[in-house]
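Along the sequence shown, residues carry numbers from 1. Small disclaimer: the values here were computed from a predicted structure and weren't measured.
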Amino acid sequence: MGTHEPLFSELSNLDIGTISDHGQVHSYPRNSILIQKGGESDCLYIITEGRVKVYISDEYGTEIILRYQGPGEYFGELALIDEEPRSASVVTVEPSRLIYVPRLRFEECLRKNPEVAVKLIRSMSQRIRDLTEDLSDCALKTVYQRVCTKLIKMTVERDGKQVIPQRMTHQEIAGLVGASREMVSRLMKKLQNGGYIEIEKKQIYIVKNLPRNLPG
């Protein structure tokens, strides 16, 4: 089974606190657009409560979901560092509390704490590797293989069980793997019927190793 760690995993709680001290806490309702692709890069966000969706879309409304993020994770740092427009959009998918760190305060934090800057670069490098792997999966794997890979990556161990901590809908999984909701629903039903996964209150549990090939 896989493990899931926040993207701030390179940083200790003290490091996160150091960055947070340079920002302000804001609360947002569900469906609040926090960042628009192509917009001005003026701040970093750290999630303390809730969940957000990072995505890109075209003028026809077609979306590609890059990832979902929750407490302890962050977004908006890339545009602050290279001073280019935002590369993706971000929207809350449930009521959320975030720490807003303006550009100047962020830069001040990194100047005063160079060890945090180094850890942040390492974390960004891992994010780039993850995106490269996701692109490779979309090009080389079947939808079923992409679904299995994504489920395993999101899984953590809790009370001796393998569980995906986020309550993921079939539509959300479909967006992450570049497939239709109907296709994902059929695959998830087959995995359930085969006894590979269990779903309780929208929480997905992996109860035995997912098969290499699609169950009949």
Query raised in the report: Salt bridge check: are Arg51 and Glu172 linked by an N-O gap of less than 4.0 Å?
Result: yes

Query raised in the report: Within a radius of less than 6.0 Å around CD1 of Ile64, do more than 12 heavy atoms belonging to other residues, nucleotides or ligands occur?
Result: no

Query raised in the report: Could you go step by step and tell me if Ser32 and Thr92 meet the side-chain contact (heavy atoms from CB on, under 4.5 Å) rule?
Result: CA-CA 5 Å; Ser32 297; Thr92 58; 3.6 Å; yes

Query raised in the report: Is the shortest heavy-atom distance from the side chain of Ile204 to the side chain of Val163 under 4.5 Å?
Result: no

Query - Any Ile33 side-chain heavy atom under 4.5 Å of Val90 side chain - result: no

Query raised in the report: Between atom CG of Asn113 and atom NZ of Lys119, what is the distance when rounded to the nearest 0.5 Å?
Result: 10.0 Å

Query raised in the report: Rounded to the nearest 0.5 Å, what separation is found between the CD atom of Glu198 and the CD atom of Gln162?
Result: 13.0 Å

Report summary line: d(Ser87 OG, Leu66 CG) to nearest 0.5 Å is 8.0 Å

Requested in this report: Quick one: closest heavy-atom pair of Ile35 and Ala88, and the distance?
Outcome: CG2-O, 3.3 Å

Report task. Flag yes if Ile199 and Leu151 sit in one hydrophobic cluster, no otherwise; membership is Ile, Leu, Val, Met, Phe, Trp, Tyr, and two members link when side-chain heavy atoms are under 4.5 Å apart. Result -> yes

Requested in this report: For the residue pair Ser96 and Leu98, establish whether any side-chain heavy-atom pair is separated by less than 4.5 Å.
Outcome: yes

**Report entry** Of all pairs that satisfy side chain to side chain donor-acceptor pair (under 3.5 Å), the ones with a partner from residues 21-31, not counting sequence neighbours
**Finding:** Ser27-Arg97

Query raised in the report: Are Val91 and Leu34 side-chain neighbours, meaning at least one heavy-atom pair lies under 4.5 Å?
Result: no

Query raised in the report: Atom CD in Glu182, atom CG in Leu187: separation rounded to 0.5 Å?
Result: 11.5 Å

Requested in this report: Would you give the length of the straight line joining atom CD1 of Ile19 to atom CZ of Phe106, rounded to the nearest 0.5 angstrom?
Outcome: 6.0 Å

Query raised in the report: Minimum heavy-atom separation for Gly50 to Pro71, with atom names?
Result: O-CD, 3.3 Å

Query raised in the report: Would you say Leu104 and Leu44 are hydrophobically clustered, going by side-chain heavy atoms of ILVMFWY under 4.5 Å?
Result: no

Query raised in the report: Considering all heavy atoms of both residues, which atom of Ile164 and which atom of Thr155 are nearest to each other, and what is their separation?
Result: CG1-OG1, 3.9 Å

Query - Pair Lys53 + Glu63: basic N to acidic O under 4.0 Å - result: yes

Report task. Could you grab the distance from atom CD of Gln203 to atom CE of Met168, nearest 0.5 Å is fine? Result -> 11.0 Å

Query raised in the report: Can you check ring pair (Phe, Tyr, Trp, His ring centres under 6.0 Å) on Tyr45 and Tyr100, steps first, answer last?
Result: CA-CA 5 Å; Tyr45 289 94; Tyr100 170 98; 5.7 Å; yes

Report task. Would you mind reporting whether Tyr68 and Val52 have side-chain heavy atoms less than 4.5 Å apart? Result -> no

Requested in this report: May I ask you to decide if Val54's main-chain N or O and Arg67's side chain share a donor-acceptor pair within less than 3.5 Å?
Outcome: no

Report task. For Tyr74 and Ile47, run side-chain contact (heavy atoms from CB on, under 4.5 Å): C-alpha distance rounded to whole Å, both residues' side-chain angles, the deciding distance at 0.1 Å, then the answer. Result -> CA-CA 6 Å; Tyr74 69 99; Ile47 306 167; over 6 Å; no

Query raised in the report: Does some side-chain heavy atom of Thr149 sit less than 4.5 Å from a side-chain heavy atom of Val177?
Result: no

Requested in this report: Please report the closest heavy-atom contact between His170 and Ser185, naming both atoms and the distance.
Outcome: ND1-OG, 2.8 Å

Report task. Check whether any side-chain heavy atom of Met188 sits under 4.5 Å from a side-chain heavy atom of Ile173, and report yes or no. Result -> yes

Requested in this report: Work out which heavy atom in Arg86 is nearest to a heavy atom in Gly76; give both atom names and the distance.
Outcome: NH1-O, 2.9 Å

**Report entry** Basic-acidic side-chain contact under 4.0 Å: Arg105, Glu108
**Finding:** yes

Query - Atom of Glu157, atom of Gly160 and distance for their closest heavy-atom approach - result: OE2-CA, 3.9 Å

Query - Note, Ile99 side chain near Ser20 side chain (heavy atom, < 4.5 Å) - result: yes

Report task. Walk me through it: do Cys109 and Thr18 pass the test side-chain contact (heavy atoms from CB on, under 4.5 Å)? Result -> CA-CA 8 Å; Cys109 174; Thr18 298; 4.0 Å; yes

Query raised in the report: Among Val184, Leu191, Asn213, which one satisfies side-chain contact (heavy atoms from CB on, under 4.5 Å) with Tyr144?
Result: Leu191

